[in-house]
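First the structure, in the form of structure tokens, and then the observations on it.
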Protein chains: 2
Amino acid sequence: MSTPLKALGDVDRTIHEPARLMIVSLLYLVREADFNWLLHQTELTKGNLSAHMAKLEQAAYIDVEKRFQGKMPQTLYRLNKAGRKVLEQYRAAMRKALDYS
Amino acid sequence: MSTPLKALGDVDRTIHEPARLMIVSLLYLVREADFNWLLHQTELTKGNLSAHMAKLEQAAYIDVEKRFQGKMPQTLYRLNKAGRKVLEQYRAAMRKALDYS
DNA sequence: ACAGACCAGTCTGTACCGCAAACCGGTCTG
DNA sequence: CAGACCGGTTTGCGGTACAGACTGGTCTGT
């Protein structure tokens, strides 16, 4: 068993990144969101958001659905089971690590 | 006023880095430590630890004292006022950001 | 006295990463 | 039909974490 502080050594870097932590937390709360909604919530640039979403997809933490809303393309994101689990573990680990006198 | 999640956008990257968060938390708790003690506590490599300490020093979060312990060189680190404050703010921000249903 | 192991760190090279701006295919407006 | 706008992706750049090689010096054994 390792101490809460040492556990920081192996936090999930994919989620630890602030922008992605924000995104993943949002998805955790809303269940589904499109690119633009995330764009406005996070206040990231488009390029930046796109890159982060790609990373989350590659890590297989989110499911991505591309479709057309009328004639305009739209991308939908959902946090999947793996993503939800990783976030919960991350939150627990961080809270423990930050919780001292 | 920004929501706790949005506040993630401007967390202090110097402290957010897991290795450094660990170091700074340790220093917060012990008040003073030398290189080797940190080395063993964190299980980082020497090069890595050295680089992190340099960064913390450059950010002016720690005070560094080089001296000799007998004939061997020894470096002592202490978290200064700025460092303590930044850590406290970071902890508060992270707890808020991670605290939702 | 000298060689080699060890010690406390620092320096260097590499691979990755976050970021914004440029770009792209397509749609809407005048 | 030209130019603004929309939903994203790609590119280029600067910065960063990391491990391993290196440095300057001390200790041990013979």
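Any value given below was found using the heavy atoms of this structure, including those in side chains, with hydrogens, waters and symmetry copies removed. Chain letters run A, B, ... following the sequence lines, proteins first, then strands; residues in each count from 1.
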Does atom CZ of Arg31(B) have more than 12 heavy-atom neighbours, drawn from other residues, nucleotides or ligands, at distances under 6.0 Å? no
dG9(C), dG7(D), dG18(C): which one has an atom nearest the side-chain heavy atoms of His52(A)? dG18(C)
So what does Arg20(A) touch, heavy atoms closer than 4.0 Å: a base, only the sugar-phosphate, or nothing? sugar-phosphate
Min side-chain heavy-atom separation Tyr77(A)-Glu57(A) under 4.5 Å: no
May I ask you to say what Lys71(B) touches in the nucleic acid, namely base, sugar-phosphate or nothing, with a heavy-atom cut-off under 4.0 Å? sugar-phosphate
Can you check whether Lys66(B) has a side-chain N or O nearer than 4.0 Å to OP1 or OP2 of dT10(C)? yes
Lys55(B) vs dT16(D): side-chain N/O to OP1/OP2 distance below 4.0 Å: yes
Would you say Met94(A) and His16(A) make side-chain contact, with heavy atoms under 4.5 Å? yes
Phosphate-side-chain proximity, Arg13(A) and dC18(D), N/O vs OP1/OP2 below 4.0 Å: yes
Closest of dC6(D), dC19(C), dT16(D) to the Met72(A) side chain is dC6(D)
Of all the choices, dA20(C), dG9(C), dA17(D), which nucleotide is nearest to the side chain of Thr45(A) once you look at every atom? dA20(C)
Remember a base hit wins even if backbone is also touched, and classify Asn36(B) as base, sugar-phosphate or nothing at under 4.0 Å, heavy atoms. sugar-phosphate
Look at the side chain of Asn48(B) and decide which nucleotide, out of dG18(C), dG7(D), dA17(D), has an atom nearest to it. dA17(D)
